[in-house]
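In what follows, a structure is listed as structure tokens, so that the remarks can point back to it.
Lettering follows sequence order; numbering is per chain, from 1.
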2 protein chains.
Amino acid sequence: MFQLEEELPLSAQACTNKLASIGDALYVIGGKWKLRIILALQEGKKRFNEIQRAVEGISARVLSHELKELEINGFIKRVVYTETPVVIEYELTQYSDTLQDVLESLSKWGEMHRRRIMHVPVNE
Amino acid sequence: MFQLEEELPLSAQACTNKLASIGDALYVIGGKWKLRIILALQEGKKRFNEIQRAVEGISARVLSHELKELEINGFIKRVVYTETPVVIEYELTQYSDTLQDVLESLSKWGEMHRRRIMHVPVNE
DNA sequence: CGGGATCCCATTTGATACTG
DNA sequence: CAGTATCAAATGGGATCCCG
């Protein structure tokens with residue numbers, strides 16, 4: 001997987017690695033919902049329906065599915081309070097803190113982009 | 001859209017904005033291929049088939065479609081050299097440079113994540 | 001309330017073939 | 001080479017019902 005290709009310049013090698021890394025990243029946090037759910041939980045732990053309200057447009061089925069994946073990948077924890085009434089809450093793990101930079105750069109860029117498409121002519 | 005909700009703490013407002021920004025970002029650069037294509041083009045301008053070879057797994061149909069979207073959104077330029085033989089090349093615009101931070105944080109995180117899942121037990 | 005199960009449609013994607 | 005056309009398969013996602 002990491003054999004050296006003599007024909008490729010070093011920069012190409014570096015790019016290949018970056019490409020793979022970004023691939024890995026997109027694999028676990030890509031898709032329409034995952035980052036939004038994580039972001040919603042940054043306000044604090046939430047219950048299922050609270051998350052659904054916070055993440056506009058997501059259905060219960062999809063939310064359920066995404067929460068499971070996020071838990072498997074270690075981003076969130078599902079906590080069950082057994083005292084009646086039973087309450088189930090989702091909260092971020094410390095691992096999801098490692099996404100700070102990603103979230104920050106993404107939201108920064110998104111904000112910039114929105115401003116651009118609002119008052120820039122169609123062609124550059 | 002930016003009215004103040006009295007019930008929400010300020011942090012919640014900020015989160016809502018971030019969420020929207022990230023939504024905007026994911027809208028244009030989300031999906032399985034767009035960032036990979038951009039990354040591939042960071043090595044330099046490339047022709048259609050070269051891109052297809054660089055971005056492993058993408059089909060001609062999907063690549064064609066993605067290239068169009070990327071062009072519409074101002075990330076790449078399609079350049080036709082009319083001297084025979086006619087050559088068509090794709091290159092990044094300056095606008096795609098604004099994605100540096102995003103790409104950087106994503107690839108960094110992806111690399112870190114890969115290392116983690118390679119030698120960390122299943123549960124945290 | 002917190003989901004799971006099922007059904008069903010729409011969009012995406014892949015494979016293959018084809019064309020200027 | 002630079003795509004397009006076509007069809008089939010996979011996936012995504014909504015709606016609804018159900019259960020403890």
Query raised in the report: Counting only heavy atoms not in B:Glu91, do more than 12 sit closer than 6.0 Å to its CD atom?
Result: yes

Query raised in the report: D:dG3 P sits how many Å from B:Leu63 CG, rounded?
Result: 9 Å

Query raised in the report: Rounded to the Å, how far apart are B:Leu67 CG and D:dA2 P?
Result: 11 Å

Report summary line: Value for CG (B:Leu92) from NZ (B:Lys45), rounded to nearest 0.5 Å, stands at 11.0 Å

Query raised in the report: In what stems does DNA chain C take part, counting only runs of at least 3 consecutive Watson-Crick or G-U pairs whose two distances fall under 3.5 Å?
Result: C:1-20 with D:1-20

Query - Residues A:Glu104 and B:Lys18 bridged, charged N to O under 4.0 Å - result: yes

Requested in this report: Grab the CD-P distance between B:Gln52 and D:dC1 for me, whole Å please.
Outcome: 10 Å

Query raised in the report: Any side-chain N or O of B:Arg53 less than 4.0 Å from the OP1 or OP2 oxygen of D:dA2?
Result: no

Query raised in the report: To the nearest angstrom, how far is B:Glu50 atom CD from D:dC1 atom P?
Result: 9 Å

Report task. Take atom CD of A:Glu69 and atom P of D:dT11, then tell me their distance rounded to the nearest Å. Result -> 12 Å

Query raised in the report: Under the side-chain hydrogen bond (donor to acceptor under 3.5 Å, both in side chains) test, which residues partner A:Arg78, sequence neighbours left out?
Result: A:Tyr90

Query raised in the report: Any link between A:Tyr81 and A:Leu41 through a network of hydrophobic side chains (Ile, Leu, Val, Met, Phe, Trp, Tyr) touching at under 4.5 Å?
Result: no

Report task. Please state whether the phosphate of C:dG4, meaning OP1 or OP2, lies under 4.0 angstrom from any side-chain nitrogen or oxygen of A:Ser64. Result -> yes

List, one per line, each side-chain donor-acceptor pair under 3.5 Å for residues 20-36 of chain A, sequence neighbours excluded.
from    : atom 1 : to       : atom 2 : distance (Å)
A:Ser21 : OG     : A:Asn17  : O      : 3.2
A:Ser21 : OG     : B:Arg114 : NH2    : 3.0
A:Asp24 : OD2    : B:Arg114 : NE     : 2.7
A:Asp24 : OD2    : B:Arg114 : NH2    : 3.4
A:Lys34 : NZ     : A:Glu69  : OE1    : 2.9
A:Arg36 : NE     : A:Lys32  : O      : 2.8

Query raised in the report: For A:Ala60, does its backbone N or O pair with a side-chain atom of A:Ser64 as donor and acceptor, under 3.5 Å?
Result: no

Report task. Name every residue in residues 21-37 of chain A that has at least one heavy atom under 4.0 Å from any atom of DNA chain C, in order of residue number, or write none if there are no such residues. Result -> none

Requested in this report: First locate atom NE2 of B:His65, then atom CD1 of B:Ile58, and finally report the distance between them rounded to the nearest 0.5 Å.
Outcome: 11.0 Å

Query - Spacing between B:His65 atom NE2 and D:dA2 atom C1', to the nearest angstrom - result: 17 Å

Report summary line: d(B:Ile76 CD1, B:Leu67 CG) to nearest 0.5 Å is 4.5 Å

Report task. Could you list the residues that satisfy side chain to side chain contact (heavy atoms under 4.5 Å, CB included) with B:Glu50, not counting sequence neighbours? Result -> B:Lys46, B:Arg47, B:Arg53

Query - D:dG3 OP1/OP2 closer than 4.0 Å to side-chain N/O of B:Tyr90 - result: yes

Query raised in the report: Taking the side chain of A:Lys68 as its heavy atoms from C-beta onward, which of D:dC1, C:dG4, C:dT13 lies nearest to it?
Result: C:dG4

Scan nucleotides 15-20 of chain C against the protein and return all N/O pairs shorter than 3.5 Å with their distances rounded to 0.1 Å.
from   : atom 1 : to      : atom 2 : distance (Å)
C:dA15 : N6     : B:Arg61 : NE     : 3.4

**Report entry** ILVMFWY cluster, A:Val79 and A:Val86 together (side-chain gap under 4.5 Å)
**Finding:** no

Query raised in the report: Do the rings of B:Trp109 and A:Tyr95 sit parallel, tilted or perpendicular, given the 30° and 60° boundaries?
Result: tilted

Report task. Could you tell me the separation between the CZ atom of A:Arg78 and the P atom of C:dG2, rounded to a whole number of Å? Result -> 10 Å

Query raised in the report: A:Phe48 has an atom CZ; how far is it from atom P of C:dG3, in whole Å?
Result: 6 Å

